Amino acid sequence: MKVITVQSLVETFKLEVLAGASHMDHVITRPRTHRPGLEFVGYFDFFPMERVQVLGRKEINYLLTLSVEERKLHIGNIVKYHPPCFIVTSGQQEIPYLILFCNQEGIPLLRTEETTTEFIAKLDRYLVKSLAPELSIHGVCVNVSGIGVLLRGKSGIGKSETAHTLIRRGHRFVADDIVVLKKLGPTTLLGTHNETTREFLALRSIGLINVVRQYGRKAFQDETRIVLDIELAPWQDNSLNNELEVVPQFTEYLGVQIPHIEVQLQPGRDVAGLIEAAANNWYLKQLGYSAAEEFMQRIENEMQ
């Protein structure tokens with residue numbers, strides 16, 4: 001199971017530590033935050049105690065309407081579940097009672113100047129990506145006209161060289177050799193690098209090149225949603241045909257089905273151009289257009 005620490009939240013979002021400074025090693029295992037509104041009024045069914053608890057103006061203002069004894073009771077009922085941390089938004093100041101309870105229970109209490117809505121949106125995105133299940137595979141990842149493509153194939157087949165050609169045609173490089181896949185949702189797969197290989201592309205007979213240094217910042221991006229899995233394979237005589245509509249094939253990564261295409265290599269084939277065509281064709285299909293269907297419709301119209 002992937003985890004991150006409260007300390008990493010403090011460093012990433014520049015949070016102010018108000019209490020529980022000696023317990024910054026608390027771990028967070030669940031993506032997305034929780035605002036404990038119902039819990040403050042005593043309803044604890046389905047309370048996600050493993051999540052980061054965010055206290056916005058509504059929660060703090062409600063607590064301020066309570067008597068001292070009521071406030072102690074309601075806050076005490078929540079802190080006994082020992083969530084990983086509490087984060088107060090909008091720079092709210094009237095929270096000495098929270099500081100007292102969190103110090104007593106050893107729970108980090110943090111504060112940000114950002115508004116509740118803006119901060120939760122940023123924090124949720126960070127938690128989802130950081131805690132997402134991931135898988136490292138051998139391949140190359142590129143973004144072709146805004147479409148994430150995973151290039152696979154045996155070592156030496158030409159994946160990196162094809163990526164280099166795509167970069168020179170104005171597309172963006174993401175990762176070479178090791179591609180890290182992260183599952184962000186039931187149908188969403190993110191491709192990125194492993195930090196060590198960030199911006200580096202290995203070309204046989206040339207060696208390593210830094211894509212950003214050679215082609216500028218616009219030639220690189222940190223991550224992309226993977227929507228096509230393209231395998232580069234040696235040419236096989238009599239194995240290809242000219243079907244109007246290729247039968248859909250899929251590859252599964254982390255339970256996510258990704259459309260799969262095999263591109264067989266032969267001297268003179270414009271592999272980068274074929275990848276561009278595959279990406280554009282996928283995009284048109286998402287818009288509901290099929291070239292094969294239009295072609296068949298034209299034939300039917302001519303026969304009438």
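Source: prediction; values computed, not measured.
- No continuous path of ILVMFWY side-chain contacts below 4.5 Å connects Phe86 to Val54, so the two sit in separate hydrophobic clusters.
- Linking ILVMFWY side-chain heavy atoms closer than 4.5 Å, directly or via other members, places Ile4 and Ile107 in two distinct hydrophobic clusters.
- Under a hydrophobic clustering in which Ile, Leu, Val, Met, Phe, Trp and Tyr are joined whenever their side-chain heavy atoms come within less than 4.5 Å, directly or via other members, Val179 and Val227 fall into different clusters.
- A salt bridge does not link Asp222 to Lys182: none of the charged side-chain nitrogens sits closer than 4.0 Å to a carboxylate oxygen.
- Evaluation of the ring-ring contact (aromatic ring centres under 6.0 Å, His included) test over residues 163-186, restricted to residues two or more places apart or in two chains, returns His164-Tyr215.
- The aromatic rings of Phe47 and Tyr81 lie perpendicular to each other, with more than 60° between the two planes, well past the 30° mark.
- Between Tyr62 and His74, the ring planes are tilted. Angles from 30° to 60° get that label.
- Relative orientation of the His23 and His26 rings is tilted, given thresholds of 30° and 60° on the angle between their planes.
- Counting only N and O atoms by type, the side chains of Ser67 and Glu70 include a donor and acceptor under 3.5 Å apart.
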> When you look at Val128 and Arg32, which way does the side chain to side chain contact (heavy atoms under 4.5 Å, CB included) test go after all the steps?
Replying inline: CA-CA 7 Å; Val128 167; Arg32 304 197 183 283; 4.0 Å; yes
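- Partners of Thr29 according to the side-chain hydrogen bond (donor to acceptor under 3.5 Å, both in side chains) rule, which considers only residues two or more places apart in sequence or in another chain, do not exist here.
- Just one of Ile95, Leu110, Asn103 meets the side chain to side chain contact (heavy atoms under 4.5 Å, CB included) condition when paired with Leu18; it is Ile95.
- A salt bridge links Glu223 with Lys129; the closest basic N to acidic carboxylate O contact falls under 4.0 Å.
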>> Between Glu134 and Lys2, is the salt bridge (Lys or Arg N to Asp or Glu O under 4.0 Å) condition met? List the steps.
In response: CA-CA 9 Å; Glu134 66 179 47; Lys2 296 183 65 177; 2.9 Å; yes
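- A salt bridge is absent between Arg298 and Glu302; no separation between the charged side-chain nitrogens and carboxylate oxygens falls under 4.0 Å.
- Judged by distance alone, the side chains of Gln264 and Gln266 never bring a donor and an acceptor atom under 3.5 Å apart.
- Note: the hydrophobic cluster containing Ile147 does not contain Ile226 (ILVMFWY, side chain heavy atoms under 4.5 Å, direct or indirect links).
- Using a 4.0 Å cut-off between charged nitrogen and carboxylate oxygen, Lys159 and Asp177 do not count as a salt-bridge pair.
- For Glu59, the salt bridge (Lys or Arg N to Asp or Glu O under 4.0 Å) test picks out Arg35, with sequence neighbours left out.
- In summary, the side chains of Thr5 and Asp25 do not present any donor paired with an acceptor at a separation below 3.5 Å, with no hydrogens or angles considered.
- Salt bridge annotation for Glu161-Arg204: absent, with no cationic side-chain nitrogen under 4.0 angstrom from a carboxylate oxygen.
- Residues Met49 and Val6 do not share a hydrophobic cluster, clusters being chains of Ile/Leu/Val/Met/Phe/Trp/Tyr side chains in contact below 4.5 Å.
- Counted within 6.0 Å of CZ on Phe46, heavy atoms from surrounding residues, nucleotides or ligands total 12 or fewer; the atom is thus considered open.
- For the residue pair Gln297 and Glu293, no side-chain donor N or O sits within less than 3.5 Å of a side-chain acceptor on the partner.
- Asn280 and Glu276 share no donor-acceptor pair across their side chains, judged by distance under 3.5 Å alone.
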